Structures are given as structure tokens and as C-alpha cells.
Amino acid sequence: MPEITKISTQKNNAERYNIFLDGKYSFSADEQVLIQFGLMKGKVLDDWEIDEIIFGDEIRKAYNKALHFLGFRMRSELEVKEKLMAAGFGEAVALEAISKLKEQKFLDDDSFSKALLETRKRTARKGPGAIKQELARKGISKELQEEALEAFPEEEQLELAEELARKVAARSSGRTPQQMRQKIQDSLMRKGYSYDVISTAIERVQSELEPEEDEWDELTEKTGEKAWRTYSRKHSGNELRRRVQQAMYQKGIPPERISRFIEAKEEKLEDE
């Protein structure tokens, strides 16, 4: 059986060592692996022990790679596993490294889920639906997903949804209340809020969506003129009136304003 005849420190990494068996280089190992297997000059190894040492060193390398990866931010077990396998480690090695990380509390899907929830609420104002989808993509179990989302009560969801609704409304000037409500609804749905939460949030900001009288006049004129230009190219008379009415109504213009616009438009054309 081969004997360790020399152990030397690697030039570029003081924590790794080159192992020589019977005078020839055989393999390298991490300092922790040397300690774990009691490697020293004069130790005799059989083939099975060498395989175990090499496997143990692969686990250590994967462990160190994962620690570096986790140094940037918290990660889920699945993210770490995918990262290690992408780096060329086998599944068995990756799982052993993950097991050690979990034992030492460097990797914890429960803590990760709760931290991700708080981060997404705070920085992106995301709703529970979007957060749950992200947790699922990161391999978090349904049980841990539900436990994390318990810390996101409906009233807090409403507060964030209302805040977002106001921001969307502020950016949506020049639209009818109906258009703004639709824009708010679309935005909040993409953020992952439920229909009930969205409806309540819109109700809370409803008064802020109503234009002033002069804004209504401008919206009516703008919407009506666009519809008239579009349909007057192919239609006239009652058909033109019907299509313009329908187009304006779909945009949220009140019926009485639609009627006044069309009457004024037709009177103006008759005078020309």
C-alpha cells in the first residue's frame, strides 16, 4: 500500500497541500481534510482511503465555494445546489456540502424565506402572490412559504397596495377615472396582490382619481376628437355617432359629456 512521503503547501493557497505517495505527487487536499483524515508523513493509505480523502476534499471545496456564494447575500438551498452543480461539482458532493452548511446555520430556508419576504415588501412593494411565486422558484417548500407569508397580514398588504395605487394615479394624469382604475389594477396584479386587496385599495383612493371640471372638459375633448378622426374616415351620420359614443364610453367618459361633445361637434360641422 502507498505511503505518504511528502506533504507540501501549495504556492498560491496556503490552506491547500500537495500529497506525495511513494515519492510521487498523488493529489491535493484542504487543510481541514488533512486534519479530518489525520494525514501525515509516513501514513500508509489503501485505495479505499484515498478515494474517501479525495471525496472529502471535493466536499470541502464545494463548501468553500458555497460560503463565497453566500457571502454576497442569503440564498436558498436550491440556489446553492444549482450554483455548485454549475461549478462542476456532482450532486452527491453538493448535497454533502449543503448538509454541512445547514448544520452550521449558514444555510436555512426558513430564515431565507422570511428575509426575502421583508426585502420584497420593503424594496419592491410586492404582494404575497409574487413573493410566493419567487419562493417557489427558489425551491422553498409550500409549508415554509405559508409560514413566511403569515408575517404579511392583509392590513399591511392594503397599506402597500394603497401606496402603490397613489403612485400609479400620480403618473396617470390625463386619463379618465376608469382608465386610471384599470391601470392601477393591472399594476397591482403584476405586483402579486389579490383581487380583494386591489379593490379595497382602489376604493380608498377613489376620490383622488376624479378629475376637476376643467380636466374633465379636456379629457372629453381629447377622447372625442380622437374617436371622431378615427371613425369619420369610413362612417357618417348615425353610424358615426354610434361608434364615437361607444369609443368614448369605453374610455370612461360620462354619457352626458359624450352627448354634449357630439352635439357641439355636429353643430360646428354644420356651420362650416
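Remember, predicted model here, so these are calculated numbers, not experimental data.
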* Asked: More than 12 non-hydrogen atoms from neighbouring residues, nucleotides or ligands closer than 6.0 Å to NZ on Lys138, yes or no?
  -> yes
* To do: Decide if atom CD of Glu218 counts as having more than 12 heavy atoms of other residues, nucleotides or ligands within a radius under 6.0 Å.
  => no
* Asked: Is Leu95 reachable from Leu78 through a run of I, L, V, M, F, W or Y residues, each pair having side-chain heavy atoms under 4.5 Å apart?
  -> no
* **Derivation of the side-chain contact (heavy atoms from CB on, under 4.5 Å) call for Leu160 and Gln157** => CA-CA 5 Å; Leu160 294 179; Gln157 295 175 36; over 6 Å; no
* Asked: Are Asp186 and Arg190 ion-paired here, with the side-chain N under 4.0 Å from a carboxylate O?
  -> no
* Structure fact -> Val44 and Met1 have their tightest heavy-atom pair at CG1-CB, 3.5 Å
* Asked: So does Lys132 have more than 12 non-hydrogen atoms from other groups sitting under 6.0 Å from NZ?
  -> no
* Should the pair Arg60-Glu15 be classified as a salt bridge under the 4.0 Å nitrogen-to-oxygen rule? -> no
* Find out if a path of hydrophobic residues (ILVMFWY) with successive side-chain heavy-atom gaps under 4.5 Å connects Val197 to Ile131. => yes
* Asked: CG/Leu101 to CG/Leu67 distance, rounded to the nearest 0.5 angstrom?
  -> 5.5 Å
* Sub-3.5 Å donor-acceptor pair from the side chain of Thr220 to the main-chain atoms of Trp216, do we have one? -> yes
* Asked: If you draw a 6.0 Å radius around CE in Met74, do more than 12 non-hydrogen atoms from other residues or ligands fall strictly inside?
  -> yes
* In terms of side-chain geometry, is the basic nitrogen of Glu155 or Arg204 positioned less than 4.0 Å from the acidic oxygen of its partner? -> yes
* To do: Give the C-alpha distance, both sets of side-chain angles, the deciding distance and a yes or no for side-chain contact (heavy atoms from CB on, under 4.5 Å) between Glu159 and Glu163.
  => CA-CA 6 Å; Glu159 289 175 5; Glu163 178 186 332; over 6 Å; no
* For side-chain contact (heavy atoms from CB on, under 4.5 Å), just list the numbers for Met40 and Ile4, CA-CA rounded to whole Å, side-chain angles, deciding distance to a tenth of an Å, and then say yes or no. => CA-CA 7 Å; Met40 62 184 67; Ile4 298 177; over 6 Å; no
Donor-acceptor pairs under 3.5 Å, side chain of residues 16-23 to any protein atom, not counting sequence neighbours: which ones?
{"unit_1": "Arg16", "atom_1": "NH1", "unit_2": "Asp57", "atom_2": "OD1", "d": "3.2"}
{"unit_1": "Arg16", "atom_1": "NH2", "unit_2": "Ser28", "atom_2": "OG", "d": "3.0"}
{"unit_1": "Arg16", "atom_1": "NH2", "unit_2": "Asp57", "atom_2": "OD2", "d": "2.7"}
{"unit_1": "Asn18", "atom_1": "OD1", "unit_2": "Gln10", "atom_2": "NE2", "d": "3.0"}
{"unit_1": "Asp22", "atom_1": "OD1", "unit_2": "Glu3", "atom_2": "N", "d": "3.1"}

* Hey, is the main chain of Lys183 close enough, under 3.5 Å, to the side chain of Ser187 for a donor-acceptor pair? -> no
* **Glu91 with Lys81: basic N within carboxylate O range, under 4.0 Å** => yes
* Quick one: list whatever passes side chain to side chain donor-acceptor pair (under 3.5 Å) with Asp108, sequence neighbours left out. => Ser111
* **Gln250 side-chain N/O to Ala247 backbone N/O, donor-acceptor pair under 3.5 Å** => no
* **Trace of the side-chain contact (heavy atoms from CB on, under 4.5 Å) decision for Arg242 with Asn238** => CA-CA 6 Å; Arg242 185 184 70 80; Asn238 289 335; over 6 Å; no
* Which residue pairs satisfy the side-chain hydrogen bond (donor to acceptor under 3.5 Å, both in side chains) criterion with at least one member in residues 221-232, sequence neighbours excluded? -> Glu225-Lys265
* To do: Under the salt bridge (Lys or Arg N to Asp or Glu O under 4.0 Å) rule, what do Glu215 and Arg257 come out as? Steps first, then yes or no, please.
  => CA-CA 12 Å; Glu215 292 176 314; Arg257 288 184 173 276; over 6 Å; no
* **Same cluster (ILVMFWY, side-chain, under 4.5 Å), Val93 and Met85** => no
* Structure fact -> Interatomic distance, CG@Leu144 vs OG@Ser113, rounded to 0.5 Å, equals 5.0 Å
* To do: Can you establish whether the number of heavy atoms outside Tyr249 located under 6.0 Å from its atom OH is more than 12?
  => no
* Please confirm whether the backbone N or O of Gly139 pairs with a side-chain atom of Ser76, one donor and one acceptor, at under 3.5 Å? => no
* Which heavy-atom pair separates Glu77 from Ile98 by the least distance, and what is that distance? -> O-CD1, 3.8 Å
* To do: Please report the closest heavy-atom contact between Leu209 and Ala169, naming both atoms and the distance.
  => CD2-CB, 3.6 Å
* If you look at every heavy atom in Pro2 and Ile50, which pair is closest and at what distance? -> CG-CD1, 4.0 Å
* **Non-hydrogen side-chain atoms of Lys61 and Asp30 separated by less than 4.5 Å** => no
* Would you name the heavy atoms of Ala151 and Leu117 that are closest together and state the gap between them? => CB-CD2, 4.0 Å
* Salt bridge between Arg260 and Glu256, side-chain N to carboxylate O under 4.0 Å? -> no
* Check whether any side-chain heavy atom of Phe152 sits under 4.5 Å from a side-chain heavy atom of Arg120, and report yes or no. => no
* **Cluster link Met189 to Leu158, ILVMFWY, side chain under 4.5 Å** => yes
* **Heavy atoms from other residues, nucleotides or ligands near CG of Asp47 exceed 12 (cutoff 6.0 Å)** => no
* Quick one: CD on Glu239 to CZ on Arg241, what's the gap to the nearest 0.5 Å? -> 12.5 Å
* When you look at Glu103 and Lys100, which way does the salt bridge (Lys or Arg N to Asp or Glu O under 4.0 Å) test go after all the steps? -> CA-CA 5 Å; Glu103 288 174 7; Lys100 291 182 180 295; 5.7 Å; no
* Locate the shortest heavy-atom distance separating Phe112 from Arg75; write the atom from each residue and the value. => CD1-C, 3.5 Å
* Heavy-atom side-chain contact between Leu39 and Leu45 under 4.5 Å -> yes
* **Sidechain N-carboxylate O distance under 4.0 Å for Glu162, Arg166** => yes
* Asked: If you round to the nearest 0.5 Å, how far is CG of Asn64 from CD1 of Ile59?
  -> 12.0 Å
* To do: Indicate if Tyr63 and Leu107 have the same hydrophobic cluster label, given that clusters are the connected sets of ILVMFWY residues with side-chain heavy-atom separations under 4.5 angstrom.
  => yes
* Structure fact -> Distance col, row Ile262:CD1 vs Leu240:CG, nearest 0.5 angstrom, shows 8.0 Å
* **Under 3.5 Å: donor-acceptor pair, side chain of Arg73, backbone of Leu70** => no
* If we only count heavy atoms from C-beta on, is the Tyr193 to Leu164 side-chain gap below 4.5 Å? -> yes
* Do Lys121 and Glu118 meet the salt-bridge criterion of a basic N to acidic O distance under 4.0 Å? -> yes
* Asked: When rounded to the nearest 0.5 angstrom, what is the spacing between CD in Glu96 and CZ in Phe89?
  -> 13.5 Å
